[in-house]
Amino acid sequence: MTDLLLKNVRVPQGGAADVLVRDGRIRQIGPALGADPGMAVEDGGGALLLPGLVEGHAHLDKTTWGSPWYVNEVGSALTDRIHNERQWRASTGHDAASHARALALAFLREGTTRIRTHVDVDTDAGLRHLDGVHATRRELAGLVEIQTVAFPQSGLLVRPGTAELLDEALARGADVLGGLDPSAIDRDPARSLDVLFGIADRHGKPVDIHLHEPGELGAFTMELILDRTQALGMNGKVVISHAFCLGGVDAKRLGGLLQRLAALDVALLTTAPPSRPVPAVRACREAGVTIFGGNDGIRDTWTPYGNPDMLARATLIGLRNDLRRDDEVEWAFDCVTAAAARACGFADYGLAPGARADLVLVDASCVAEAVVKRAPRRLVVSGGAVVARNGQDAAGLG
């Protein structure tokens with residue numbers, strides 16, 4: 001942990017300030033603060049101060065980041081992509097640890113200091129990918145907080161033995177239990193969710209379920225998820241990722257689902273893809289539902305797209321949701337900062353005394369401008385340590 005005085009910055013609420021950091025945490029934010037003898041001092045040059053950015057839904061273990069271009073010729077069905085990826089990773093010996101490290105450091109250079117990543121667990125690879133990501137997590141501890149989700153990408157019930165692997169994954173230190181389309185993939189949503197929530201309940205771990213199922217099918221599955229959340233008292237411990245169904249049901253059905261989501265404090269993750277119906281940020285906020293953002297895959301066998309710049313993702317969320325006013329663009333920023341930290345359970349977050357000193361300086365007049373122009377990161381501080389300057393590594397991590 002590092003002591004630091006960051007001088008001459010502008011806080012999002014307006015006005016100049018200094019930031020005093022001791023033992024890796026924010027001690028004070030205010031004007032004309034003094035440095036202790038021998039304390040590192042950085043001049044912010046009047047740049048805008050932002051909290052460390054948060055990636056709420058990545059797949060670090062899948063990425064080809066840092067490797068030659070992957071030529072994608074896979075079919076368009078979800079099952080095509082699942083089978084292709086599993087075969088490709090097995091045949092190439094794709095290493096989750098080194099690729100996760102490369103992408104995590106790319107995130108860090110762009111100001112992202114907290115990442116929730118879903119990691120494939122299946123009966124072919126076992127826990128190999130999870131072990132790789134956990135090795136990277138240990139190596140980068142103190143610089144990037146990596147939260148792992150044990151994710152049954154190939155399905156749960158349809159691949160016997162997966163439930164036992166998920167149980168072992170949580171015992172080995174996975175932070176969250178993942179799930180995937182209980183109706184469309186497992187074809188037995190009640191049993192699939194009973195197994196999944198049973199494992200999570202035994203370990204006292206939260207749940208994050210990929211729900212791609214459209215329209216009324218997805219709404220039906222969502223109701224089953226909410227039933228189990230309520231029965232087990234898991235309020236605040238469940239995330240439904242994608243939730244495309246909320247963009248494809250009528251207003252009355254949508255209102256009822258949002259009301260239940262808010263009452264049970266179930267959060268929604270959106271990647272704001274242009275090709276699918278999505279839950280609306282405005283409607284979620286009005287209903288009191290936490291909605292946050294993430295990339296999903298970044299340059300892997302599923303997609304050539306994605307970017308480790310969370311301001312770019314906030315821009316996409318803003319565009320997809322027609323957020324135009326400055327205060328509305330700040331909603332998109334919230335999706336990749338405070339809302340994401342809250343939904344994922346990242347502690348000690350924000351620009352306040354006592355919070356972990358994860359700080360980002362950008363050349364922008366305000367938060368909305370920072371999002372829209374994807375302002376270059378002048379300085380990135382993680383846990384009080386300067387880790388990047390002008391997009392370049394400053395911590396000797398490569």
Side-chain angles (χ1 to χ4, degrees), residues 1-36 39-55 107-114 143-145 292-293 308-315 318 326-327 329-342 346-392 394-395:
M1 294 297 184
T2 305
D3 293 349
L4 172 70
L5 179 64
L6 182 58
K7 297 185 66 65
N8 189 23
V9 299
R10 288 178 299 106
V11 296
Q13 297 81 6
D18 301 338
V19 183
L20 180 64
V21 175
R22 287 201 180 100
D23 296 325
R25 292 183 178 271
I26 297 171
R27 178 63 62 89
Q28 188 177 357
I29 300 177
L33 301 180
D36 296 338
M39 176 179 282
V41 178
E42 291 279 346
D43 189 335
L48 182 66
L49 176 69
L50 303 176
L53 306 175
V54 181
E55 164 59 89
F107 270 113
L108 186 61
R109 288 190 292 270
E110 297 291 349
T112 293
T113 58
R114 318 260 184 133
L143 297 175
V144 187
E145 184 175 351
F292 66 108
D309 180 353
M310 294 310 295
L311 291 184
R313 183 55 49 177
T315 297
D326 279 24
D327 58 341
V329 176
E330 289 177 9
W331 299 350
F333 180 72
D334 185 56
C335 286
V336 301
T337 52
R342 184 170 65 252
F346 288 120
D348 304 324
Y349 178 81
L351 297 178
R356 177 184 155 95
D358 292 353
L359 312 169
V360 181
L361 292 186
V362 298
D363 292 313
S365 64
C366 61
V367 167
E369 184 184 13
V371 170
V372 171
K373 80 174 190 180
R374 306 172 199 177
R377 298 336 95 93
R378 179 186 291 189
L379 191 75
V380 178
V381 174
S382 179
V386 174
V387 294
R389 297 179 189 274
N390 300 312
Q392 300 299 312

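No hydrogens, no waters, no symmetry mates; every other heavy atom, side chains included, goes into these values. None of the values given here were measured: they were computed from a predicted structure. Heads up: numbering here begins at 1 and tracks the sequence.
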Between [X] and [Y], which heavy-atom pair has the shortest distance, and what is it?
X	Y	result
V367	P12	CG2-CB, 4.1 Å
A341	V54	N-CG1, 4.2 Å
A364	L48	O-CB, 3.5 Å
A314	A332	O-CB, 3.3 Å
V362	A370	CG2-CB, 4.0 Å
D358	G383	OD1-N, 2.8 Å

Distance (rounded to the nearest 0.5 Å) between [X] [atom1] and [Y] [atom2]:
X	Y	atom1	atom2	value
L311	T112	CG	OG1	8.0 Å
R10	C366	CZ	SG	8.5 Å
T315	M310	OG1	CE	10.5 Å
L53	L108	CG	CG	10.5 Å
F107	E55	CZ	CD	4.0 Å
R313	C335	CZ	SG	11.5 Å

Indicate yes or no: at least one non-hydrogen side-chain atom of [X] is less than 4.5 angstrom from one of [Y].
X	Y	value
V21	T2	no
I26	L359	yes
V381	V19	no
L5	L20	yes
D36	R22	yes
T337	Y349	yes
V144	T113	no
R356	S382	yes

- prompt: Yes or no on salt bridge (Lys or Arg N to Asp or Glu O under 4.0 Å) for K7 and D18, after CA distance, side-chain angles and deciding distance?
  reply: CA-CA 4 Å; K7 297 185 66 65; D18 301 338; 3.2 Å; yes

query: Can you list every pair that meets salt bridge (Lys or Arg N to Asp or Glu O under 4.0 Å) and has a residue in residues 375-386, with sequence neighbours left out?
result: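 Counting only pairs at least two positions apart or across chains, the salt bridge (Lys or Arg N to Asp or Glu O under 4.0 Å) contacts touching residues 375-386 are E110-R377, D309-R377, D363-R378.
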
task: Evaluate side-chain contact (heavy atoms from CB on, under 4.5 Å) for D3 paired with D23, printing each intermediate quantity in order.
output: CA-CA 6 Å; D3 293 349; D23 296 325; 4.1 Å; yes

